[in-house]
Amino acid sequence: MENSTDTPMAKGKATSGLIFNEKFLWEMSRGGRCGISLPEQDVDISPLEEGLTGDAPDLPQLSELDVVRHYTRLSQWNFGVDSGMYPLGSCTMKYNPKTNEVQAALPGFTGAHPLLDEDLCQGSLELIYNLEQYLCEITGMDAATLQPAAGAHGELAGMLVIHAFHAKKGHQRSKIIIPDTAHGTNPASATLCGYESINVQSGPDGILTPEAVEAVMDEETAGIMITNPNTLGLFEENIKKIAEIVHSRGGLVYGDGANMNAVMGIFKPGEIGIDVIHLNLHKTFSTPHGGGGPGSGPIAVVKELEPFLPAPRVEKRDGVFTLVDDRPDTLGRMLTFHGHFGIMVRAYSYILSLGDKGLTNVSKLAVLNANYIKECLKEHLHLPYDRPCMHECVFTDKNQAEYGVTTLDMAKRLMDYGFHPPTVYFPLVVHGAIMVEPTESESKETIDQFMEAFKAVVKEAKENPEILKSAPHLPKLSRLDEVSAARKPVLRY
Ligand SMILES: *Cc1c(COP(=O)(O)O)cnc(C)c1O
């Protein structure tokens with residue numbers, strides 16, 4: 001690792017000392033070393049059952065301290081929202097309050113088996129029931145399900161609802177309208193349902209126009225999937241008009257609500273013509289995510305679509321919470337059991353600890369922080385859509401092109417200043433996109449530090465582009481060969 005004295009970290013912003021290389025557990029293994037001591041055996045040895053015999057697994061032999069240090073060191077190589085600002089656009093990497101973890105770890109929740117009899121898990125069923133009600137309140141919809149396992153899975157559930165709706169009407173349709181500012185998972189979900197995606201372009205100010213929808217919406221089109229706020233971080237101001245056009249030709253409006261963090265308490269999708277929406281509990285409602293862990297992508301629908309929701313549903317009958325499977329129009333199950341319960345507990349805890357005013361403030365602050373960054377950095381980075389944004393803003397590398405510096409170079413260099421890079425090259429509608437989502441949980445001081453770092457990188461792009469081309473210099477590993485990593489992954493040591 002290079003560590004010259006003129007690097008930003010050496011100037012006192014951060015240090016990279018005392019970070020060790022780490023061997024594999026198998027390399028550290030020494031025969032006979034052991035991290036546990038069991039009492040003397042005082043029963044007769046009996047042979048293992050058939051099928052459990054054979055060679056013992058090749059487990060490394062290590063002391064307790066070997067194991068503790070190994071995993072502690074690995075954890076120190078990691079970067080997470082608990083270690084610094086994580087301004088990854090489209091991901092809402094907000095701070096996750098620790099009280100949510102405490103509630104999710106309560107033994108009554110962690111010990112509840114999903115096959116328990118209803119009378120033994122009334123508390124868990126009540127939580128599911130109440131959380132569905134809260135999400136309906138937040139979105140302005142009539143019914144919700146918590147089964148889908150992630151945002152994209154929620155989209156699939158929502159598309160299946162739309163599919164079931166048209167099937168029930170007796171005329172299945174073949175197409176879905178998807179604007180170029182929709183999230184990339186949208187066309188994938190529509191395709192999985194057998195629909196053809198009809199791409200429409202957003203207007204000159206980055207939002208969809210009613211005319212563009214009017215031109216393609218017909219009686220063979222099942223509906224539209226619209227991400228609002230869209231992936232440019234802009235509010236789709238024409239949504240009401242667009243919903244009217246789609247409805248007037250028998251279609252339904254799917255709202256991708258993964259960006260609900262920008263509009264809680266301010267805008268209710270159900271009130272302006274959205275029929276189905278998914279939320280990302282693991283973004284807006286504070287669950288640690290990234291790295292492929294479990295998610296939760298509930299969908300909420302208008303009354304007319306409630307019969308199609310996945311079964312079973314939790315209902316309240318005479319004060320008792322009960323699982324109802326007998327639903328003739330249901331699209332079936334989206335997941336084993338009831339969804340990712342631990343994430344529901346975290347979301348429930350988050351909603352209850354903030355309340356309605358608190359959630360509204362979350363959105364106001366998320367929008368304020370993003371607009372602050374947009375206004376302060378727009379002299380330094382090209383801003384393709386110069387208008388008020390929602391919870392994230394999108395810049396490009398256009399101003400740096402003359403120095404041969406790209407979005408990727410600047411993102412990598414930011415790491416030398418101690419910041420996780422923003423999202424790069426997304427959304428696809430913007431060439432060389434740099435998408436910054438600060439979230440509400442960052443302080444002004446931290447945001448100012450981030451912008452100072454970004455300005456320093458922009459200055460270097462002009463004065464010393466070479467240092468960006470080979471960045472990052474300070475993290476444990478320098479620039480990786482991402483093409484080889486994707487094409488020839490080494491998955492086994
Ligand atoms: C994150 C995101 C999704 C996908 O959610 P996953 O949980 O990653 O499947 C969909 N739409 C938008 C707008 C998103 O930001």
Side-chain angles (χ1 to χ4, degrees), residues 81 86-94 96 135 139 145-160 176 178-193 197 202 206-208 224-236 239 253-264 267 269 274 276-300 334-335 339-340 342-344 346-347 363 366-367 370 389-394 422-430 433 435-440:
V81 73
Y86 209 134
L88 210 52
S90 199
C91 294
T92 312
M93 304 302 279
K94 63 167 75 177
N96 306 291
L135 297 181
T139 53
T145 174
L146 298 169
Q147 270 191 30
H153 200 220
E155 291 169 27
L156 177 61
M159 280 295 109
L160 288 168
I176 290 276
I178 304 188
D180 56 1
T181 49
H183 197 262
T185 45
N186 290 189
S189 303
T191 304
L192 269 179
C193 270
S197 305
S202 44
I207 60 170
L208 197 56
I224 187 168
M225 281 186 103
I226 192 159
T227 303
N228 197 18
N230 68 24
T231 58
L232 290 168
L234 302 176
F235 190 78
E236 291 289 353
I239 181 116
V253 181
Y254 184 94
D256 179 330
N259 294 333
M260 198 71 198
N261 207 51
V263 292
M264 283 184 295
F267 150 73
I274 305 273
V276 197
I277 187 168
H278 85 262
L279 301 173
N280 278 32
L281 295 191
H282 49 289
K283 290 177 182 168
T284 313
F285 299 97
S286 173
T287 278
H289 63 287
S296 179
I299 60 168
M334 288 304 292
L335 202 67
H340 289 155
I343 300 187
M344 298 174 206
R346 288 175 177 86
S363 291
V367 171
C389 64
M390 300 303 286
H391 61 307
E392 55 199 3
C393 54
V394 179
T423 291
V424 294
Y425 301 108
F426 181 84
L428 303 176
V429 277
V430 171
M435 185 192 213
V436 185
E437 179 180 6
T439 82
E440 70 283 1

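On a predicted model such as this, the values are computed, not experimentally measured, just so you know. No hydrogens, no waters, no symmetry mates; every other heavy atom, side chains included, goes into these values. Start at 1 and go down the list; that is how both ligands and their atoms are numbered.
- Looking only at distances, a side-chain donor or acceptor of S363 sits under 3.5 Å from a matching main-chain atom of N261.
- By the salt bridge (Lys or Arg N to Asp or Glu O under 4.0 Å) test, E440 pairs with K94, sequence neighbours left out.
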Ligand 1: which protein N/O atoms lie under 3.5 Å from its N/O atoms?
| from | atom 1 | to | atom 2 | distance (Å) |
| --- | --- | --- | --- | --- |
| ligand 1 | 5 (O) | N280 | ND2 | 3.0 |
| ligand 1 | 7 (O) | G151 | N | 2.8 |
| ligand 1 | 7 (O) | N280 | ND2 | 3.3 |
| ligand 1 | 7 (O) | H282 | NE2 | 2.7 |
| ligand 1 | 9 (O) | G151 | N | 3.3 |
| ligand 1 | 9 (O) | A152 | N | 2.8 |
| ligand 1 | 11 (N) | H183 | ND1 | 3.4 |
| ligand 1 | 11 (N) | D256 | OD1 | 3.2 |
| ligand 1 | 11 (N) | D256 | OD2 | 2.6 |
| ligand 1 | 15 (O) | S90 | O | 3.1 |
| ligand 1 | 15 (O) | S90 | OG | 3.1 |
| ligand 1 | 15 (O) | K283 | NZ | 2.7 |

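- A side-chain contact (heavy atoms from CB on, under 4.5 Å) with L279 holds for exactly one of T284, L135, D256, N259; it is L135.
- Screening T287, L146, L335 for a side-chain contact (heavy atoms from CB on, under 4.5 Å) with H340, the sole residue that qualifies is L335.
- Here the straight-line distance linking atom CD1 of I239 with atom CG of N228 works out to 4.5 Å at 0.5 Å rounding.
- Counting only distance, with no hydrogens or angles, the side chain of H282 and the backbone of S296 share a donor-acceptor pair below 3.5 Å.
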